[in-house]
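Let me begin by presenting the structure, written as structure tokens, before commenting on it.
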2 protein chains.
Amino acid sequence: MASSTLSRKIANVLSEEILKGELMPGDRLDEQSLADRFEVSRSPIRDALRELASTRLIEQQPRRGFAVATVDTTTLRNLYEALGELEGLCARYCALRADAVQREHIRMLHAQGQDAIRQHDMSAYAEANHALHRAIYDACHNDALRDITLDVRNRLSMFHARFLFSEDRVAQSRDEHEEVVDCILRNDGNGASEAMKKHVAKTALNIISHIMPDNRKPATPEA
Amino acid sequence: MASSTLSRKIANVLSEEILKGELMPGDRLDEQSLADRFEVSRSPIRDALRELASTRLIEQQPRRGFAVATVDTTTLRNLYEALGELEGLCARYCALRADAVQREHIRMLHAQGQDAIRQHDMSAYAEANHALHRAIYDACHNDALRDITLDVRNRLSMFHARFLFSEDRVAQSRDEHEEVVDCILRNDGNGASEAMKKHVAKTALNIISHIMPDNRKPATPEA
DNA sequence: AACACACTTAATGTCGACATTTATCACTGG
DNA sequence: CCAGTGATAAATGTCGACATTAAGTGTGTT
């Protein structure tokens, strides 16, 4: 929790703020303002920003500073397509390799999500949802694949954070989770993979349909 | 090529040196030494190192500086498994989505590799090989997936760089490429994916069998 | 009135020095 | 002779100031 170095602490704080949606895509991260806010010099701020850039949560343009990463609709679609494939892979390997403890953990997290829905506690559901996906990454027994998937999910989570899901969508999501979990528990790799891909695709459709209407300027003006 | 900022230039130089194998995994990157070598202060060096760390080519341990990333055998296997899946995905999407120009480009690059083999020019083959894989990533029409795959391949290329392949292995590799390219050219997504996964798996086996004998200390001593 | 040029300003890039921490090594005690 | 502790030294972490660049603004001319 308490990282040894200032820059690490600052990076963690900023990271959470971005993930929570307090800092919006496109927001500029001014070094001096941040230095004033954290009451440190610009050096640790620079280090923190560089570190955050490594997660692609923020972007740097030389001589133009850092800004919270923005993505255009195409990139968003691509990221969700990639996330679907990656989570599908995690689910497949999870179904084939997870040990008994991990399977039980996954089963339990899914149950927690169901409880949260019954109590109409959307915040608890979001947490259980996140933990479930995370548990599946962990149980795929491939740390590299887990890290890659987690990175993509984090890049996207700043969009998730800004939208409350309708009760309908949450119920649908629960059913999709159930299919994934069922496949995992019965060692059905292909089934788990397909179910997970379908689940992510539907989530993507839901998010993108919320974002589409807005006229935010395209993010990466690269060719 | 000529990046505007010092740190960017330095990062590029160091990156190439790592990718070429001139800097070996585990080599420490001392800030002061690098500052002396590039005749700049430590600031741009620090920026460059932070930027390199974002590609995972080098690793940072707080208060202990940076070092060229080292991976233990397990991580290496995981990375190759992930690379196989990712390249399989790229090949699948490539087969389904590549346009005529891209298909022709891929066909040509494969032919170049074959020529290189006939002339026993291993350097040219390595280059054509790299270009072919790269062309397949590009033609998958998903920049996010392409970038992720490229990152993993770069992380592994520092190991590739240190081994010359036997003529036997190169010939085998050529045949595997041919199968991939054939599938792509006939829009066979599943075939391309499977062929590519097989190709990467065999390459991995080849590399790992070269590395296994050595007694290098495990890289990431994390729990 | 519109465009172009120059100036001002505010940001990042770079520098050198100081602070802090960690690792090494010598010394002392058992 | 080994182990533990302390000091020393070398590395990274942090700081404040200066240099440089890019953007914005204002003025002058066509």
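Residue numbers start from 1 in every chain, and the chains themselves are labelled A, B, ... in the order their sequence lines are given, proteins ahead of strands. Quantities reported herein were computed from a predicted structural model and do not represent experimental measurements. In what follows, every heavy atom counts, from backbone to side chain, and hydrogens, waters and symmetry copies are set aside.
- When heavy atoms are screened at a 4.0 angstrom cut-off, A:Ile45 is found touching no nucleic acid atom at all.
- In terms of phosphate contacts, B:Arg64 brings no side-chain nitrogen or oxygen within less than 4.0 Å of OP1 or OP2 of D:dT12.
- At the phosphate of C:dT14, OP1 or OP2 sits under 4.0 Å from a side-chain N or O atom of B:Thr5.
- At least one side-chain nitrogen or oxygen of B:Ser41 sits closer than 4.0 Å to the OP1 or OP2 atom of C:dC15.
- Between A:Met158 and A:Ile18, the shortest heavy-atom contact is CB-O, 3.6 Å.
- The separation between A:Leu34 atom CG and C:dA11 atom P is 12 Å, rounded to whole Å.
- Along DNA chain D, the nucleotide nearest B:Asp30 and the nucleotide nearest A:Glu39 are compared for position; the residue whose nucleotide lies closer to the 5' end is B:Asp30.
- Rounded to a whole Å, the CZ atom of B:Phe38 is 18 Å from the P atom of C:dG13.
- Atom pair A:Glu31:CD and D:dG16:P shows a separation of 15 Å (rounding to whole Å applied).
- Side-chain nitrogen and oxygen atoms of A:Gln32 include none within less than 4.0 Å of the OP1 or OP2 phosphate oxygen of C:dT9.
- Going from atom CZ of A:Arg8 over to atom P of D:dT12 covers 15 Å, rounded to whole Å.
- Side chain of A:Arg63, nearest nucleotide from C:dT21, C:dT14, C:dG13: C:dG13.
- Between A:Ser33 and A:Asp36, the side chains place no donor N or O within less than 3.5 Å of an acceptor N or O (distance only, hydrogens not considered).
- Checked for salt-bridge contact, A:Arg46 and A:Glu31 meet the test: a charged N lies under 4.0 Å from a carboxylate O.
- The distance between atom CG of A:Asp47 and atom P of D:dT14, rounded to the nearest whole Å, is 7 Å.
- B:Arg42 places its CZ atom 16 Å from the C1' atom of C:dG13, with the value rounded to the nearest Å.
- Using cut-offs of 30° and 60° for the angle between ring planes, the B:His199 and B:His177 rings count as perpendicular.
- Contacts of B:Arg46 with the nucleic acid, taken as non-hydrogen atoms under 4.0 Å apart, include base atoms.
- Going from atom CD1 of A:Ile10 over to atom C1' of D:dC15 covers 13 Å, rounded to whole Å.
- The CG atom of A:Leu6 sits 11 Å away from the P atom of C:dT21 (whole-angstrom rounding).
- Judged purely by atom type and a 3.5 angstrom limit, A:Arg97 uses its side chain to pair as donor or acceptor with the backbone of A:Cys140.
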